[in-house]
Amino acid sequence: VQLQASGGGLVQAGGSLRLSCAASGRTFSTYAMGWFRQAPGKGREFVASLSWADYSTYYTDSVKGRFTISRGVGENTVDLQMNRLKPGDTAVYYCAIQSRKYSSGSYIDQTEYDYWGQGTQVTVSS
């Protein structure tokens, strides 16, 4: 399974970017797709996720009201609309797929995501 993320770039604070992620490859199931990010010198953290079963969405507190995750046009695609960007949003953003149902029912735990993209850089200047 391959995940291709795109849409990153350099933007001024207050600006917007839209990330997209498309999955392809061998047959797999999708229970959720999510976005995670890793800032320089920090660990990777959860940003947003979307359940394929009921379209429920989940966000980390720091992006609520600014970021929106949604299903894309293709079968296994997900977008992340990022508005009112802040310098603190600067990071490499990764998309991931949860391809099986975990007993926890969590969609925010990165250890429960099975396939990962290569990441796309988002840089927000002040």
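These numbers come from a predicted model, not from an experiment.
- Across every non-hydrogen atom of Ile69 and Tyr59, the tightest pair is N-OH, 2.9 Å.
- Annotation for Arg66 and Leu85: closest pair NH1-CA, 3.8 Å, computed over non-hydrogen atoms.
- Between Thr68 and Met82, every side-chain heavy-atom pair lies at or beyond the 4.5 Å cut-off.
- Looking at every heavy atom in both residues, Ser125 comes nearest to Leu10 through CB-CD1, 4.4 Å.
- One finds no salt bridge joining Lys86 and Asp89 here, because no Lys/Arg side-chain nitrogen approaches an Asp/Glu carboxylate oxygen to under 4.0 Å.
- To the nearest 0.5 Å, atom CG of residue Leu17 and atom CD of residue Gln81 are 8.5 Å apart.
- Residues Glu112 and Ser99 are not in side-chain contact: their nearest non-hydrogen atoms beyond the backbone lie 4.5 Å or more apart.
- Under the 30°/60° scheme for interplanar angles, the aromatic rings of Trp116 and Tyr94 are found to stand perpendicular.
- Judged purely by distance below 3.5 Å, without hydrogens or angles, the side chains of Asp109 and Ser106 never pair a donor atom with an acceptor atom.
- Nearest heavy atom pair, residue Arg37 against residue Ala91, reads CB-CB, 3.8 Å.
- Val73 and Val78 are members of different hydrophobic clusters when ILVMFWY side chains are connected at heavy-atom separations under 4.5 Å.
- To the nearest 0.5 angstrom, Tyr113 atom OH is 9.5 Å from Met33 atom CE.
- The pair Arg71-Asp79 fails the salt-bridge criterion, with no side-chain N (NZ, NE, NH1 or NH2) lying under 4.0 Å from an Asp/Glu carboxylate O.
- No path of Ile, Leu, Val, Met, Phe, Trp and Tyr side chains, each step under 4.5 Å between heavy atoms, connects Phe67 with Phe36, placing them in separate hydrophobic clusters.
- Considering CD of Gln98 and CD of Gln110, their distance stands at 12.5 Å, rounded to 0.5 Å.
- In terms of heavy-atom proximity, Trp52 sits nearest to Asn76 at NE1-OD1, 3.9 Å.
- Atom-to-atom distance recorded for Thr30:OG1 and Ile97:CD1 is 4.5 Å, nearest 0.5 angstrom.
- If you check the side chains of Tyr31 and Asp114, you find no donor sitting under 3.5 Å from an acceptor.
- Between atom CZ of residue Arg44 and atom OH of residue Tyr93 there is a gap of 14.0 Å, rounded to the nearest 0.5 Å.
- For the side-chain contact (heavy atoms from CB on, under 4.5 Å) criterion with Cys21, the lone passing option out of Thr120, Leu80, Leu3, Thr77 is Leu3.
- Here the OG atom belonging to Ser6 is positioned 8.5 Å from the CD atom belonging to Gln118, to the nearest 0.5 angstrom.
- Shown here for Tyr58 and Tyr107, the closest heavy-atom pair between the two residues is CE1-CD1, 3.4 Å.
- Applying the side-chain hydrogen bond (donor to acceptor under 3.5 Å, both in side chains) rule to Gln4 yields no partners; only residues at least two apart in sequence or on another chain are considered.
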